[in-house]
Structure formats: C-alpha cells, structure tokens
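Below is one structure; the comments refer to it alone.
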Amino acid sequence: AAAVGGLDSGGRGRSSTPAAQVREKAEERHIIHWTPISTHVCVCVCVCVCDCVFPGEDDDQSEKKFRKCEKSGCPAMYPMCFASASERCARNGYTSRWYHLSCGEHFCNECFDHYYRSHKDGYETFSSWKRVWTSNGKSEPSLKAFMADQELPYWVQCTKADCGKWRQLSKDTHLSAALASSYCCGMKLSSSKVEGSDACSQPEDLRVAGVTDSWWLSMLILPPLFKDSPATPFLSCYYPDCVGMSPSASPSNHPPGNQRPEQRRAAQPHSESRSVGRSQPGLSSSTLMIRLLTEIGRSVRMKSRRVCFVRCVLFFMVCFLIGGQVVVLEARERIGGRVWDDASLGVTVGCGAQIVNGCVNNPIALMCEQLGLRMHTLGVRCELIQEGGRVTDTALDKRMDFHFNAVLDAVSEWRKDKSQSQDAPLGESRSTNLYTVSACSWDHNECFAQFSGDHTLLADGYSSVLHKLAQELDIRLNTAVQHVDYSGEGVTVTSRCGSRWSAQKVLVTVPLALLQKNIIGFSPPLPDRKLKAIHSLGAGVIEKVALQFPTRFWDSKIQGADYFGHIPPCPEKRGLFSVFYDMCPQGDECVLMTVVTGEALSLLRDLQDSQVVDLCMSVLRELFQEQEVPDPLRFLVTRWSRDPWAQMSYSFVKTGGSGEAYDIIAEDVQGKLFFAGEATNRHFPQTVTGAYLSGVREASKIAAL
C-alpha cells in the first residue's frame, strides 16, 4: 500500500497550505482531500477522498479536535480513515491514534479495534484472513497487512488513448483484468464518477504523480503485493509474499513433490522494493537480481580495468560484478573484518555479526538459502529475570514498554520544529553513552522501508557465506594499507611494508573509526565535506561473552526460549550482560552468549578475560539462585574496541549530526575513489545487509564509469 501527504501537505519539506489556497485548489480541481496510492494488481492506487475542513471558516468545525499522524516524517496534519469499517469511524476527525500505511493513507483507532478486538464484529473477518495468510505466506499477518490487503480501494486507468487518467474505484469493487482493460472515465463502477458527458475532461488527482517520488516511496510501511498474478503457477515453490504476491490470493497448497511449506525457498533479493511508477504494471521481487545481471553484462566491457579494494568486508559479489583485474587488500590474516566466527565452544558463535534482521526480500537470507546454510528463526518470548531470580511479570514489562515508547514519542514531537543546530543529546547524563546520540536523528533510517519477516540467527555463521563468495578471488592477506594517492590519472595504493599497486579505481571499505583516526592517509586529503560527515557519526561498540557449560542449567526456567533478559540492579550496570542467547536451544550443546553495551563497557575496560567471565558468572548465579550454576568449561570474550583494524562495532548519528552523513561518506571522489560499508548505507546502517548492498551500489557506479 502506498500514499502521499495529508490535506495541508504540499509534498516533501513543504509548509502547510493556507486555507484559502486549499479551498481554491479543491474547487478548481474537483478534489476534496489529497490522497494515498497503492498497488494491488496493475499499479492499483488508493486515494482517500473526504470533505475538506478549512480552519477558521466554520465556528463548529474550527472547534473540532484533530490529531496528526505521529509517524516520523509523515506530513499529514489531517489524516482520513480509508477503511470506514466501524460505525464509530473517526473518518477525517479525531482519533486516539492514526495507523500509518503511507503519508496519505491511514486508518483510525476505532477501525483498528473493529477488526482487532475479539468482541467486535470484524474480528472473525480478520481471523479468517490471518489463517489463510499464515498457511500460505511467510510475513507477519499484522492488522496493517490486513488493511493493505483487504480494505484499500483500487485505482484503475482510463483506457481511452487521449485520456489515460487514473480514477478511484469504490472499496467494494474488485479490479479484474476485464475491468482494467475496458475501463473508461465515468463508468458507474467508479466511486469517482463525474457527472457530465465528458468525464475524461475532469482533472486527474494531482497526487497520482507522487508515486514516482523517491521520498514518497520511502514512507511506505508495507510493500505492494500482486493478487491473481499470472506468475503464480510458476512460483509455487516460493512463499508468495517473498516473490511479490499476496498470500491471501494464493491457493493453500504445497509445492510439487510433497514439499513442506517450511522447505520453500525464502525471500528473493529485492533492494528497491518500493519502485512503483505509472509506467510499471507492478513489482517484481527479483529487481535486484535483474540489476545484478545488468551489471554483470557491463563487466564484459571492463576486462582491461584494474580495480583495487582496500580492506573490504563484503567485497566478493562486488568483485564478480565489476569483472576485470581486481585485487583485494586485507589487513588481517583472515577475511571478514567485523564478521568473525568462532567454533571453539562446540557451536559457531559470531564474535561480530550473526543475526539477519528481517528475512523477507533480504539478499543475505537468499544467499543462505541457496548455500543451504541453517537459519534459526528467533522466537519472540523473552523472560526478564531480576537479580535474585524473580521473573518479571509480563504486565509490568508491557507497562514499561508503553512508557518507553511514550518517551520516544515525546522526543519525536519535540524534534519536529528543531533544526540540526538545535539538536540535543538523547540522554541527559554525561556519564551515559546516550549523551553522544542525536535526539533528532537517532532513528534516522526508520523513515525508510526496512526488511520485514523473521529475525534469524545463522547457525553456521556469516563466514560460511564469505568463504563461498571468496573462492577464486585475488585476496592479499596481511596487507595493511598506509596511503592512497589519487592525485594523478589513476590511483596508487601503498601498504605498510612498502608494496605498491596501481589501479584506475579504488574502493575503500575500512571501518568508520579508522577513517576518523586517519589510519590511512589520502593524497590529496579527502574533501572537507566528507571529513565533516565522517566525524559527525559515532563509532559504537558491542562486546560479546560466550560460555560453554557441562549442563543446560537454564532450561527449567527458560523452557526452550531462544534468549532471556537480565534486569540490572542499578543504573550503573545498565547494558552489562543485558540479554543471554541460547546458541543451541533445540540441541545438546550448552552454550550461552551475552553482550555488553553502552556505559557498561567501561566496567570491562581494565579487566582480564577471566575476570570478565567471573563477573558474568556472578550475574548468572544471581539469576538462577534456586539451583547450582556450574563453572564454564570454556569461554571467549571479544575486544572489538582494542582491535587495531576495527576499533568499533557499528555506526550511529552523534548529537548535531544527521542521517545525510551516510550519503556524503558514500560519495565518490573524482570518479576514482569509492566508499562502501555499513557506515555508507543510510537505509540499512549497522547491518551486514547494509554493507553488502553498499557494495552492490558501488559496483554499479564503478561499472557505469
């Protein structure tokens, strides 16, 4: 489902339109309310039409209460409910909460309750839909997905050669192929029927053009899905929602060969899942694969080019795309950078990345499926245990979660009229890590569509993917780069041991912390604009501790959950072993892995690894006082902050910075120097997926040049 701004929204970054101008435009265009757009079958667009409310013109209406959409970045000041399912529907009035599907596409809390509450009339409808969705699909059967799938009206294009305008159908009208191929403006089936002999002369809603705007597309909450796609029989071995089709419109049958649903292939790679345009009949979830094939085709013309990669983490597919003579310079004795797996405890423990956040359309998830790598779906149950052994009541947990989100909502409201120069720390105390985090931009990437679906843990680790992709590549290990000279026609890269390489293009993917500390010199120096962006981001750290035990002493209390939480006894210990992961919840291995974050990192700085383990064991014995907790057989402790070639774990926006810094760092310099990595991906920072997609992005740029 997709949509655009509210009544007083003129588009990205525009201020509210005065009432007189709004009224004039509405009368001139026969449009009452700006509207949303969605895709179902053939770029089917949904537009919400309502009566305009012009502030100050009517005393009764001026006193009417309104509530704007609270989604960060959404300009809709006067949302309207497109569902109108409940008798108490707020329509274009006040509701306690607007649910955002896109900037002009919302439904009210009353319609939410109508379907979501078990005592309401619509509950059975939602439940029946959910049963079909879960039996066929892989994504979450949320109420937002239900609304987008079942409640949004279709749009259809006039078939007259001299018209081609888009018109809205009534919510109850199903858009069939026959209707789409014969529709003309003014047909009785259209809820936007215009009286008069020449219905085509009536103007098209101005917001139809908004579907091609990248900002508008980025505000979509859910990807549009096909219904009754002719491709259905050819994609029966895939989950329909993983290949761009609605599970509610798919037959509930298993793929050929009695294949179980859980054995179906997972998501197809789909980096530009929001690319909707008037000239496109819909989405293909193989967009990224098509893009990759296009770049591979280009690489045939580049066999004479030399490309050098400076300590790239996920460079392997990039090398394949670019073709030509490619040399990878890696400072370590191993590949992977912050992707590093350890199997010394009997199971694979990712010392760095190990979780895939959202598998639907995630290219990393697809590669794991193709390589046959195990992906353990992480459950949602997480017992919160206090020191002393008491399990926190779920009602209290939900109440604290409510207050936590209320604080974030307050921050979101505060920052709406703040400029970057008026930014403030997200936390108040200088002793906390939150003091360095931007209150205005801490969640900067949430305005972009993120990968949905299950969060999974790679049982075999990310290294299995990297080593497969690294086969037959020219990788020079133990080659630390000291200087990059791009002052001439080409680029010269010099290592610490004095070796030199000449190339036409150089791709730099060192961690952000190394750029900040000038570990690599550049001649000429990097542009001031890029340096400012580099220093406006922070280099965060997460350390891990993994413990192997002789018995699974936690089973009786945790009862098969994938992880459990630790509530610290005082603020000073916040972030100290806050969550424990069971690395083999259904197996025989007895391994727990925990993390240390935030201000708690200072507690570990001067401790030896054995002392860190002793501290962790004291916490576990507090959490499981009712039984004997054995000493660990073996352990490992990460030290990313001390790692000379990392010195960090992930990037974040510091106070006074903005998400734009990611885009600036990603800019090439003189068409010769390119940058990739998680700190160059504004949409998906802090993730392996983000690092990978940044590599694909740079491969495309290098190939184009």
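Treat the numbers as computed from the prediction; the structure is a model and nothing was measured. In what follows, residues are counted from 1 in the order of the sequence shown.
- Taking 4.5 Å as the limit, every side-chain heavy atom of Y563 sits out of range of all side-chain heavy atoms of I558.
- Between the side chain of R374 and the backbone N or O of L458, no donor-acceptor pair lies under 3.5 Å.
- Atom CG of D643 and atom CG of L514 lie 8.5 Å apart (nearest 0.5 Å).
- In this structure, the separation between CG on D582 and CH2 on W554 is 5.5 Å, given to the nearest 0.5 Å.
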### Query
Is there a side chain to side chain donor-acceptor pair (under 3.5 Å) between Y239 and S139 once you walk through the steps?
CA-CA 9 Å; Y239 289 101; S139 57; over 6 Å; no
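- Considering only heavy atoms from C-beta on, T348 stays 4.5 Å or farther from D342 through its side chain.
- In summary, R552 and D555 engage in a salt bridge, as defined by a charged side-chain N under 4.0 Å from a carboxylate O.
- Closest non-hydrogen pair, R574 versus P568, comes out as CA-CG, 3.9 Å.
- Checked against a 6.0 Å centroid threshold, the rings of Y123 and Y115 do not count as neighbours.
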### Task
Please report the C-alpha distance between V595 and S578 in whole Å, then the side-chain angles of each, then the deciding distance to 0.1 Å, and finally whether the side-chain contact (heavy atoms from CB on, under 4.5 Å) criterion is met.
CA-CA 7 Å; V595 296; S578 55; 4.0 Å; yes
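- Not one N or O on the side chain of Q354 forms a donor-acceptor pair closer than 3.5 Å with the backbone of Y462.
- No side-chain heavy atom of V437 sits less than 4.5 Å from a side-chain heavy atom of T655.
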### Message
Please evaluate residues R415 and S441 with respect to the criterion side chain to side chain donor-acceptor pair (under 3.5 Å), reporting the C-alpha separation (whole Å), side-chain torsions for both, the decisive distance (0.1 Å), and the verdict.
### Response
CA-CA 9 Å; R415 68 187 180 188; S441 301; over 6 Å; no
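- The aromatic rings of F112 and Y99 lie parallel to each other, their planes meeting at an angle below 30°, with 60° marking the opposite boundary.
- Ion pairing between a basic and an acidic side chain is recognised when a charged N comes within 4.0 Å of a carboxylate O; R97 and E70 show no such pairing.
- Here the side chain of H566 pairs no donor or acceptor atom with the backbone of T594 at under 3.5 angstrom.
- Between P247 and V132, every side-chain heavy-atom pair lies at or beyond the 4.5 Å cut-off.
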#### Entry: Trace of the side-chain contact (heavy atoms from CB on, under 4.5 Å) decision for D454 with M375
CA-CA 10 Å; D454 298 328; M375 300 175 66; over 6 Å; no
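- Counted within 6.0 Å of CZ on R334, heavy atoms from surrounding residues, nucleotides or ligands total more than 12; the atom is thus considered enclosed.
- Between atom CD of residue Q625 and atom CG of residue L620 there is a gap of 12.0 Å, rounded to the nearest 0.5 Å.
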### Task
Take I335 and H467 through the side-chain contact (heavy atoms from CB on, under 4.5 Å) test and state the conclusion after the steps.
CA-CA 8 Å; I335 64 172; H467 285 285; 3.9 Å; yes
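- Annotation: side chain of L384 is not in contact with side chain of V391 (no heavy-atom distance under 4.5 Å).
- Relative to the ring axis of F624, K557 places its NZ or CZ within 45° and under 6.0 Å from the centre.
- Ring geometry, F580 versus F577: the interplanar angle falls from 30° to 60°, so the pair is classed tilted.
- A heavy-atom distance below 4.5 Å is found between the side chains of W98 and T95.
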### Task
Could you walk me through whether L547 and C616 pass side-chain contact (heavy atoms from CB on, under 4.5 Å), step by step?
CA-CA 9 Å; L547 308 166; C616 185; 3.7 Å; yes
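- The ring of H683 has its center closer than 6.0 angstrom to the ring center of F448.
- No side-chain donor-acceptor contact under 3.5 Å links R381 to the backbone of F564.
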### Audit row: N681, S694, side chain to side chain donor-acceptor pair (under 3.5 Å) steps and yes/no
CA-CA 6 Å; N681 193 319; S694 75; 5.4 Å; no
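- Summarising the local packing, CG of D588 is surrounded by 12 or fewer heavy atoms from other residues, nucleotides or ligands at distances under 6.0 Å.
- Under the 3.5 Å distance criterion, the side-chain polar atoms of E383 are left unmatched by any main-chain donor or acceptor of A561.
- The aromatic rings of W640 and W340 stand perpendicular to each other, their planes meeting at an angle above 60°, with 30° marking the opposite boundary.
- Separation of atoms CZ (R390) and CD (E622) is listed at 13.5 Å; rounding is to 0.5 Å.
- For CD of E626, the number of neighbouring non-hydrogen atoms (other residues, nucleotides, ligands) closer than 6.0 Å is greater than 12.
- The line from CD1 of I355 to OG1 of T456 is 8.5 Å long, rounded to the nearest 0.5 Å.
- With values rounded to the nearest 0.5 angstrom, D149 atom CG is found 15.5 Å from K144 atom NZ.
- A 4.5 Å side-chain heavy-atom check between E543 and L601 finds at least one atom pair inside the cut-off.
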### Message
Pair T392, D397 - check side chain to side chain donor-acceptor pair (under 3.5 Å), show working.
### Response
CA-CA 7 Å; T392 303; D397 180 24; over 6 Å; no
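- Neither side chain, S602 nor R605, offers a donor N or O lying under 3.5 Å from an acceptor on the other.
- Between the T687 side chain and the G690 main chain, a donor and an acceptor come within less than 3.5 Å of each other.
- Residues P685 and H444 form a side-chain contact, since some pair of their non-hydrogen atoms from C-beta on lies under 4.5 Å apart.
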